[in-house]
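Below is one structure, written out as structure tokens, with a few remarks after it.
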2 protein chains.
Amino acid sequence: MTEQHVPGERSTGTRHGKRPTMSDVAEKAGVSRALVSLIFRNAPGASEQTRQRVFDVAKEIGYRPDTAARTLASSRTKTLGVMLTIRNPFHADLVESCYAEADRLGYDIVLSTTVPTRGEERAVDALLGHRCEALILLGPKMSEAYLTQLSREHPVVAISRKVPDATLDSVHTAEAKGVREAVDYLVGEGHRDIIHIDGGTGPGSAERRKAYRAAMRKHGLTERIRVIPGNHTEDSGLHAAQVLLDEDALPTAVLAANDRCALGLLGALHKAGVKVPQEVSVVGYDDSRVAMLSHIGLTTVHQNAEELGRLAVRTAVERIESPDAPARELVLDPELRVRDTTGPPR
Amino acid sequence: MTEQHVPGERSTGTRHGKRPTMSDVAEKAGVSRALVSLIFRNAPGASEQTRQRVFDVAKEIGYRPDTAARTLASSRTKTLGVMLTIRNPFHADLVESCYAEADRLGYDIVLSTTVPTRGEERAVDALLGHRCEALILLGPKMSEAYLTQLSREHPVVAISRKVPDATLDSVHTAEAKGVREAVDYLVGEGHRDIIHIDGGTGPGSAERRKAYRAAMRKHGLTERIRVIPGNHTEDSGLHAAQVLLDEDALPTAVLAANDRCALGLLGALHKAGVKVPQEVSVVGYDDSRVAMLSHIGLTTVHQNAEELGRLAVRTAVERIESPDAPARELVLDPELRVRDTTGPPR
DNA sequence: GCGCTCTACTAGCGCGCTCTAGTGATAGAG
DNA sequence: CTCTATCACTAGAGCGCGCTAGTAGAGCGC
């Protein structure tokens with residue numbers, strides 16, 4: 001690493017002077033603080049002329065409303081908290097659509113991500129500290145007890161996680177249906193040795209696992225049922241590949257926990273010289289944008305991220321407005337997207 | 001979409017009751033509010049016994065410190081604002097390491113992402129509204145004027161963007177060196193028709209473009225120089241592929257603007273039946289974790305995300321502590337990672 | 001006894017804003 | 001001319017906390 005010192009004009013200007021407040025604007029514009037407040041809140045009760053003058057003064061002295069003070073003073077914060085896992089490309093899709101819908105409904109969004117060193121509880125604490133009016137949790141892995149507790153104290157919407165008899169709203173796709181379609185399709189192509197890498201305790205995993213078993217049974221393939229434990233990261237795909245490659249024979253098709261898992265699996269298979277889909281077919285889950293873009297198009301179960309995000313925000317806002325309405329579960333239909341990682345068995 | 005109403009136990013419990021405050025805790029614990037404050041700030045001056053009792057009471061009544069009130073009351077917020085583009089996997093890598101370092105230094109982080117409907121200015125406004133003590137901008141595309149202005153008013157650290165004669169700190173890799181290494185390597189493999197898809201106005205693009213030209217010239221390939229305009233998204237790779245495929249002959253190697261661009265390109269080439277690396281070699285830039293995991297390992301110029309994030313946070317904190325120190329430019333060496341998308345020309 | 005320090009705590013102001021309850025000025029109705 | 005309505009604006013309380021200044025009491029040396 002090298003380090004350079006840039007000359008620059010350090011000593012000039014307003015550098016780090018005290019941040020201007022509403023009072024500064026008021027004084028300079030020759031009006032009361034209350035009026036400035038009113039104008040910045042877009043509330044009626046100020047003449048167009050004054051309004052303009054206040055905005056001009058504000059711009060001139062570089063005033064920005066202070067979110068903290070605003071939050072503290074007002075009963076409403078008009079803020080939604082979104083918990084996500086920044087590594088997850090599908091979450092990126094969801095976040096984008098959340099923003100769009102929140103904008104439409106006049107809400108702000110604050111993000112809080114989990115990272116390896118920062119678990120879901122910390123992420124949630126940060127959001128609640130910001131006085132979010134509702135939480136939107138993207139694929140939460142937290143315990144059911146904690147989730148239930150949380151939803152008793154705050155409006156909570158979970159995306160991609162179904163909680164039986166829950167007190168919280170949830171928005172997700174019909175996991176079972178997606179898996180069933182995938183298995184039906186693979187069987188239709190002639191596969192019989194279809195295994196499943198599951199998502200462990202990840203959101204939706206239990207349903208997918210169950211649906212896989214049911215679908216296999218339906219096709220009379222009960223004895224071929226096999227689940228390799230995994231999770232929702234690339235690593236689990238990699239790991240599953242190692243397990244499979246150590247054995248005598250590969251299955252002809254693999255149903256991965258999600259796209260990330262599928263990508264990890266594909267990477268490892270490719271390194272081992274296994275041809276996809278000639279030797280093994282691979283199906284993902286999510287259809288995050290990367291799946292589409294990867295140079296071999298991944299066959300995957302499409303979840304409508306845009307709609308999921310939109311509905312989650314709508315549901316959150318409705319929940320804020322009527323806290324005691326019964327909990328809702330919104331279920332979208334998934335759709336199998338056949339691309340290039342699947343074909344007839346070898 | 002289907003909708004279900006879940007019974008749930010809506011009417012019980014503390015649902016949405018007034019949020020408990022420090023006074024509630026104080027009262028219930030039989031101490032003054034000031035003492036509770038002190039305890040929650042981890043400040044010395046309370047007996048271990050009282051401390052424990054206060055924490056117990058707080059937990060019992062579900063008290064959480066209010067970030068807004070805390071921010072408002074204290075001069076310091078100990079908060080760093082990070083602007084990112086959530087779609088960008090490289091940013092995910094950076095954010096993770098920022099968190100780790102901020103944790104170490106006792107700072108909080110608040111995230112603000114750009115999305116298609118929410119530009120950089122809005123993202124920055126949100127951060128400043130939260131009274132962040134410094135801004136860390138991941139690959140900002142904003143105008144130089146705005147950036148300079150911003151850095152005059154607040155501590156700002158830019159990652160992956162170099163601003164000549166700047167008043168702001170920047171942390172980035174030696175773009176030129178990475179590109180030079182890539183070109184040297186390709187030429188060493190026997191390539192002569194090496195083209196570059198550039199990153200438009202994206203961070204680092206100008207330097208990379210310039211370095212590409214210089215490197216080609218150095219190898220006596222001045223006449224083979226060719227730059228296809230692009231940007232830092234998958235789409236630009238796709239688009240460049242279309243341009244190239246429409247022509248009589250493909251180049252033997254392509255230096256993409258970044259990994260995302262390279263992935264788009266690979267996808268399109270694959271669909272067109274062009275073999276990589278047999279017919280065309282492809283080199284990316286960033287080495288975001290996806291590059292590694294993609295089932296064909298992408299040859300790319302590695303940027304040390306962990307170190308970049310770490311240094312950005314350190315620099316931001318140092319800037320907060322000494323606002324008038326000269327601006328610094330921290331430059332890390334990149335490193336070519338040869339994987340599977342490159343080889344000798346056809 | 002005195003003054004001293006140290007520990008464990010409390011009183012109360014003010015951060016920048018929102019929001020309710022006003023005030024005064026002008027206009028139109030009766 | 002009074003009465004009410006409307007408009008443009010203001011006064012001031014208080015949101016939940018941090019923080020400075022202070023106090024009460026215990027312990028200690030002399």
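Just so it is clear: chains get the letters A, B, ... in the order the sequence lines come, proteins before strands, and each one is counted from 1.
Here dT10(D) presents its C1' atom at 13 Å from CD1 of Ile39(A), a figure rounded to the nearest Å. One can place CE of Met22(A) at 12 Å from C1' of dC19(C), the figure rounded to the nearest angstrom. Going from atom CZ of Arg76(B) over to atom C1' of dC15(C) covers 16 Å, rounded to whole Å. We find that CG of Leu35(A) is positioned 12 Å from C1' of dC7(D), with the value rounded to whole Å. Across the protein-nucleic acid pair, Gln49(B) atom CD and dC9(C) atom C1' stand 13 Å apart, rounded to whole Å. Between Glu27(A) atom CD and dT10(D) atom P the separation is 13 Å, expressed in whole Å. Following rounding to the nearest Å, His130(B) (NE2) and dC17(C) (P) show an atom-to-atom distance of 14 Å. For the pair Arg70(B) CZ and dG16(D) C1', the computed distance is 11 Å after rounding to whole Å.
For Ser74(A) and dT18(C), the shortest distance from a side-chain N or O to OP1 or OP2 is not below 4.0 Å. Between Ser75(A) and dT18(C), a side-chain N or O to OP1/OP2 separation shorter than 4.0 Å is absent. The phosphate of dC19(C) (OP1 or OP2) has a side-chain N or O of Arg41(A) nearer than 4.0 angstrom. The side chain of Thr21(A) contributes no N or O atom lying less than 4.0 Å from OP1 or OP2 of dG16(C).
Side-chain contact of Thr50(B) with Ser47(B): a donor-acceptor pair under 3.5 Å is present, judged by distance alone. A donor-acceptor contact closer than 3.5 angstrom is absent between the side chains of Glu48(A) and Gln52(A). Side-chain N/O atoms of Arg104(A) and Tyr99(A) include no donor and acceptor closer than 3.5 Å.
Arg328(A) has a carboxylate O that lies under 4.0 Å from a charged side-chain N of Glu318(A), or vice versa, which qualifies the two as a salt bridge. Arg118(B) and Asp125(B) are not joined by a salt bridge, as no carboxylate oxygen comes within less than 4.0 angstrom of a charged side-chain nitrogen.
The side chain of Ser37(A) approaches dC19(C) more closely than any other nucleotide in the set dC17(D), dT10(C), dC19(C). Closest to the side chain of Ala69(A), out of dT10(D), dC17(C), dG12(C), is dC17(C). Checking dC9(C), dT10(D), dG12(C) against the side-chain heavy atoms of Arg33(B) singles out dG12(C) as nearest.
The partner of dT10(C) is dA21(D), by the rule that a Watson-Crick or G-U pair needs both atom distances under 3.5 Å. Figure legend. dG29(D) is base-paired to dC2(C); pairs are counted as Watson-Crick or G-U wobble with both atom distances under 3.5 Å.
Nearest-nucleotide positions on DNA chain C place Ser47(B) closer to the 5' end than the other of Leu72(B) and Ser47(B). In terms of position along DNA chain C, the nucleotide closest to Glu48(B) lies nearer the 5' end than the nucleotide closest to the other residue of the pair Ala73(B) and Glu48(B). Mapping Thr50(A) and Leu38(B) onto DNA chain D via the closest heavy atom, the residue that lands nearer the 5' end is Thr50(A).
Across all strands, Ala46(B) comes closer than 4.0 Å only to sugar-phosphate atoms, never to a base (heavy-atom distances).
Within 6.0 Å of CD in Glu306(A) there are 12 or fewer heavy atoms belonging to other residues, nucleotides or ligands.
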